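Written out below as structure tokens is the structure these notes cover.
In the text below, chain A, chain B and the rest are named by the order of the sequence lines, each starting its count at 1. Only a predicted model underlies this, so the values are computations on that prediction, with no experimental measurement involved.
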Amino acid sequence: MLRMSSLLLRTLRDDPADAEVASHRLLVRAGYVRRIAAGIYSWLPLGYMTFRNIERVIREEMDGAGFQEVHFPSLLPKEPYERTNRWSEYGPELFRLQDRKKNDYLLGPTHEEMFTLMVKGEYSSYKDLPLSIYQIQAKFRDEPRPRSGIIRGREFIMKDSYSFDIDDAGLQTSYQAHRDAYVKTFTRLGLSFNIVSAQAGAMGGSKSEEFLAPCPTGEDTYVLCEKCGYAANVEAMVTKVDPYTGDTAPAMENFASPNTPTIDSLVDLMNATFGGGYTAEMTLKNILLMADDQPISVLVPGDREVDLKRLGANLKGVQDLRLFEEGDFAKRPGLVKGYVGPQDAKKLGLTLYADPRVVEGSHWVTGANIKDTHTRYVVAGRDFIVDEYIEAAEVRAGDICPECKTPVVIDRAIEIGHIFQLGRKYAQALDLTVLDKDGKSQVVTMGSYGIGVSRAVAAIAEQNHDEIGLIWPREIAPADIHIVATGRDDLPFDTAEQIAKECESIGLRVMFDDRRDASPGVKFKDAELIGIPFIVIVGKALADGKIEFRYRKSGEKVEISAEGAAKEIQTRVLA
RNA sequence: CGGGGCGUAGCGUAGUGGCUAGCGCGCCUGCUUUGGGAGCAGGAGACCGGGAGUUCGAAUCUCCCCGCCCCGACCA
């Protein structure tokens with residue numbers, strides 16, 4: 001039994017000055033966590049109980065799926081990370097340190113290397129596979145900007161799993177097993193979430209999905225179709241466009257357009273010159289970039305911007321991507337700033353990437369590659385050839401769902417889990433092979449799967465709170481019921497103690513506010529702030545042989561008989 | 001790393017050149033109080049983020065450093 005009289009807990013009346021998001025504010029005010037440094041937090045008893053409850057749920061689901069738990073140190077030698085190149089690729093985000101002999105070490109930001117080596121050390125036959133192993137452990141990343149309390153920390157707890165299979169079919173099965181386990185886990189944690197397709201990005205590999213918990217303070221933006229449930233990371237959003245069915249445009253026609261370097265000014269000019277009806281959507285924007293020292297042009301409809309994040313994620317094999325600068329224009333006099341068009345791309349040595357909306361046969365208004373001149377009736381496929389279609393245009397609410405053509409919404413969320421089909425990248429680099437049926441050496445294929453355990457505490461808090469405090473799902477809460485004794489006499493305290501003991505004996509986890517000196521108001525406020533889902537008040541109503549049972553979430557209050565209260569409480573808690 | 005803001009007791013804050021750094025919460029002692037963050041009285045707790053400088057005098061002005069928060073860049 002937790003007793004408020006001796007619990008290491010001090011709730012705060014005022015919001016901490018450095019906390020803005022709800023989860024951070026409430027977790028600090030309710031005495032769950034305290035900040036040690038930017039992105040580094042300690043857990044007080046209530047917080048650690050909550051944390052461990054979440055950890056327990058995750059562990060049960062992982063074990064239930066047949067994954068085996070292992071544990072690695074946080075302090076790791078440099079060598080494995082050098083072999084996969086991540087010692088350098090990870091950059092300043094990696095916490096590095098040296099021992100007394102000046103050997104390099106790191107604090108593990110993620111453990112693909114170590115898991116791969118563990119399997120390599122023990123297994124060498126296809127008969128040993130498939131295998132899925134996991135750990136729950138601290139991760140260290142020197143984030144450029146930790147934020148939102150424990151949502152993005154520099155030290156955080158992660159459950160990371162890795163699957164090992166002999167072939168792609170096996171990887172699919174292992175991936176699906178993790179996906180299923182994650183759905184069960186997050187559902188048990190009381191989180192509402194969407195599974196979105198994502199870009200594998202820096203981790204390499206092919207397929208990847210994120211588990212996103214919608215909440216307004218989340219830092220991930222994603223696209224959701226409310227009709228069919230399609231959900232995607234903005235980077236991975238797919239644009240579906242019908243083939244062009246309009247009239248065939250006449251031949252290209254140049255027209256004078258002095259002082260119209262922007263799309264807006266161009267549209268105004270067109271409407272003035274050609275009698276109205278022109279919109280930014282009918283113009284073609286040519287964004288010039290340098291991709292690893294190769295000039296490229298990205299074509300998007302004039303009413304859209306190029307989303308560099310999307311472009312970067314979808315441009316395969318490009319390390320360095322930047323917009324054209326003055327010097328780049330100077331070196332290529334054929335490209336007239338403000339008047340660039342795709343017509344001469346071949347001649348100018350530009351690779352043409354285009355948004356899927358720039359469909360074969362469609363015609364556009366665009367620059368003429370001549371100062372103060374634009375061209376209309378420029379037809380895709382006739383007047384210029386797109387080298388490659390690419391998802392690079394900004395995504396907007398109202399864009400069309402690629403699955404069911406309904407306008408999508410854009411929402412914010414916290415990333416609570418991420419699953420990857422890694423493939424053979426790490427196995428290859430670290431030489432993890434097993435012998436197959438024919439005695440031939442095969443590189444193992446891997447998956448990696450993560451859940452932010454400490455972040456889940458914040459995500460659950462974000463989705464489960466109100467103005468006055470936290471409201472935990474029962475399984476996560478530090479206790480099932482919060483019993484408050486009020487009054488001056490011994491009777492309510494003795495009765496409450498009795499009820500608390502009975503509740504405990506029938507398996508309920510009890511928090512008992514047994515403080516004699518605190519006023520009822522203080523106790524009620526504290527109970528509401530702490531957020532245990534059921535509050536039992538033993539006080540005034542005792543005169544009629546009653547106690548009060550409150551539902552924290554709805555605020556509903558019912559009086560129940562003090563006699564045999566434990567049974568009644570149990571019934572209501574388990575309902 | 002760019003932009004903005006902040007640093008005074010455990011927490012929230014006032015004080016913009018002047019004498020002993022003020023208030024609220026919390027904490028300690030006593031009395032009263034006990035169904036919505038009680039009242040009265042007394043008390044403890046601060047090298048005013050650090051260093052250097054200007055000045056008769058610095059929390060306050062100047063410079064440097066450190067730390068923290070927010071927006072952006074970045075990010076399993």
Side-chain angles (χ1 to χ4, degrees), chain A residues 8-21 24-25 28-29 31 34-40 44 86 89-94 108-112 139-149 151-154 156 158-162 198-205 208-212 217 219-220 233 235 308-309 312-313 322 414-420 422 447-452 455 468-469 484-493 513 515-529 535 537-543 547-548 550 555 557 559:
Chain A
L8 172 51
L9 171 70
R10 192 105 297 155
T11 58
L12 306 177
R13 277 195 201 202
D14 301 308
D15 282 337
D18 61 0
E20 299 224 336
V21 302
H24 187 201
R25 227 179 49 227
V28 171
R29 271 195 61 201
R34 292 287 182 258
R35 191 178 61 73
I36 298 291
I40 303 177
L44 288 153
R86 290 212 288 190
E89 271 175 15
Y90 234 98
E93 230 177 283
L94 197 60
T110 170
H111 282 73
E112 279 78 5
K139 297 284 185 266
F140 299 84
R141 295 181 193 175
D142 196 356
E143 295 281 350
R145 182 149 93 86
R147 73 184 98 180
S148 309
I151 292 177
R152 176 175 290 281
R154 296 194 293 168
F156 58 99
M158 176 159 112
K159 187 289 300 177
D160 50 328
S161 315
Y162 304 84
Q199 292 297 125
M203 298 296 295
S208 154
E209 291 172 291
E210 291 177 358
F211 287 72
L212 298 182
T217 50
E219 52 180 1
D220 285 36
N233 198 307
E235 284 84 343
L308 288 176
K309 242 171 140 176
R322 61 171 175 82
I414 299 172
E415 181 185 343
I416 47 174
H418 202 153
I419 54 179
F420 288 97
L422 277 182
S448 91
Y449 317 89
I451 294 177
R455 178 180 284 183
I468 56 174
V484 176
T486 68
R488 216 179 351 191
D489 310 323
D490 291 340
L491 182 65
F493 286 85
D513 195 342
R515 292 175 293 177
R516 297 298 291 246
D517 50 352
S519 71
V522 169
K523 294 180 181 179
F524 296 155
K525 292 282 188 206
D526 276 348
E528 286 152 356
L529 180 60
I535 302 169
I537 295 161
V538 183
K540 260 189 169 167
L542 216 48
I547 61 171
E548 195 177 310
R550 292 187 187 176
K557 308 170 182 184
E559 288 203 332

Distance, C1' atom - from B:rA44 to B:rC25, rounded to whole angstrom: 16 Å

Salt-bridge present (A:Arg515, A:Asp513; N to O < 4.0 Å): yes

Validation row: A:Leu9, A:Leu44 side chains within 4.5 angstrom (heavy atoms): no

Donor-acceptor contact below 3.5 Å, side chain A:Arg152 vs main chain A:Pro146: no

Step-by-step side chain to side chain contact (heavy atoms under 4.5 Å, CB included) determination, A:Phe524 to A:Ile468: CA-CA 11 Å; A:Phe524 296 155; A:Ile468 56 174; over 6 Å; no

Least distance between heavy atoms, A:His24 atom then A:Ala19 atom: ND1-CB, 3.3 Å

Could you pull out the protein-nucleic contacts involving nucleotides 68-70 of chain B (nitrogen or oxygen on both sides, under 3.5 Å)?
unit_1	atom_1	unit_2	atom_2	d
B:rC68	OP1	A:Ala38	N	2.8
B:rC70	OP1	A:Ser148	N	3.4

B:rA21 - base-pair partner by Watson-Crick or wobble geometry, distances under 3.5 Å: none

Sugar-phosphate only, base, or nothing, as touched by A:Glu219 at under 4.0 Å among non-hydrogen atoms: nothing

Sugar-phosphate, base or nothing in reach of A:Glu209, heavy atoms under 4.0 Å: nothing

Spacing between A:Arg516 atom CZ and B:rA38 atom P, to the nearest angstrom: 18 Å

Polar side-chain atom of A:Arg29 near backbone of A:Leu529 as donor-acceptor pair, under 3.5 Å: no

Among B:rC74, B:rU34, B:rG36, the one nearest A:Arg488 by side-chain distance: B:rU34

Test log, rule side chain to side chain contact (heavy atoms under 4.5 Å, CB included), inputs A:Lys557 and A:Ile537: CA-CA 10 Å; A:Lys557 308 170 182 184; A:Ile537 295 161; over 6 Å; no

Distance, P atom - from B:rC47 to B:rG10, rounded to whole angstrom: 8 Å

G-U wobble or Watson-Crick pairing nucleotide for B:rU62 (cut-off 3.5 Å, both distances): B:rA52

Sequence-aligned protein contact record of nucleotides 40-45 of chain B, with B where the base is within under 4.0 Å of a protein heavy atom and S where only the sugar-phosphate is: ------

Between B:rU34 (P) and A:Asp513 (CG): distance, integer Å: 18 Å

Complement of B:rA14, any strand, by Watson-Crick or G-U distances under 3.5 angstrom: none

Closest approach of A:Pro492 to A:Gly539 (non-hydrogen atoms, all atoms of both residues): CB-CA, 4.3 Å

Sugar-phosphate, base or nothing in reach of A:Tyr449, heavy atoms under 4.0 Å: nothing

Rounded distance (nearest 0.5 Å) linking atom CZ of A:Arg455 with atom CD1 of A:Ile414: 7.5 Å

Rounded distance (nearest 0.5 Å) linking atom NE2 of A:His418 with atom CD1 of A:Ile451: 13.0 Å

Nearest-Å distance for atom pair CG/P, residues A:Leu44 and B:rG10: 16 Å

Euclidean distance for C1', B:rG45 against B:rC27 (whole angstrom): 9 Å

Annotated protein contacts, base or backbone, on nucleotides 23-29 of chain B with a non-hydrogen cut-off under 4.0 Å, one of B, S, - each: -BSSS--

Rounded interatomic separation in angstrom, taking CG from A:Asp526 and P from B:rC11: 18 Å

Straight-line distance of A:Asp489 CG to A:Arg516 CZ, nearest 0.5 Å: 8.0 Å

For B:rC47, the Watson-Crick or wobble partner whose two distances fall under 3.5 Å: none

Test item: A:Glu528 and A:Arg550 side chains (from C-beta on) under 4.5 Å apart, heavy atoms: yes

Base partner of B:rA41, which must satisfy Watson-Crick or wobble distances under 3.5 Å: B:rU29

Main-chain N/O of A:Glu143 paired with A:Arg154 side-chain donor or acceptor, under 3.5 Å: no

Integer angstrom distance from the C1' of B:rU60 to that of B:rG22: 15 Å

Sugar-phosphate, base or nothing in reach of A:Asp15, heavy atoms under 4.0 Å: sugar-phosphate

Under 4.0 angstrom between A:Ser519 side-chain N/O and B:rU34 OP1 or OP2: no

B:rA52 to B:rA73 separation - C1' atoms, rounded to the nearest Å: 35 Å

Whole-angstrom distance between B:rA59 and B:rG50, as gauged at atom P: 11 Å

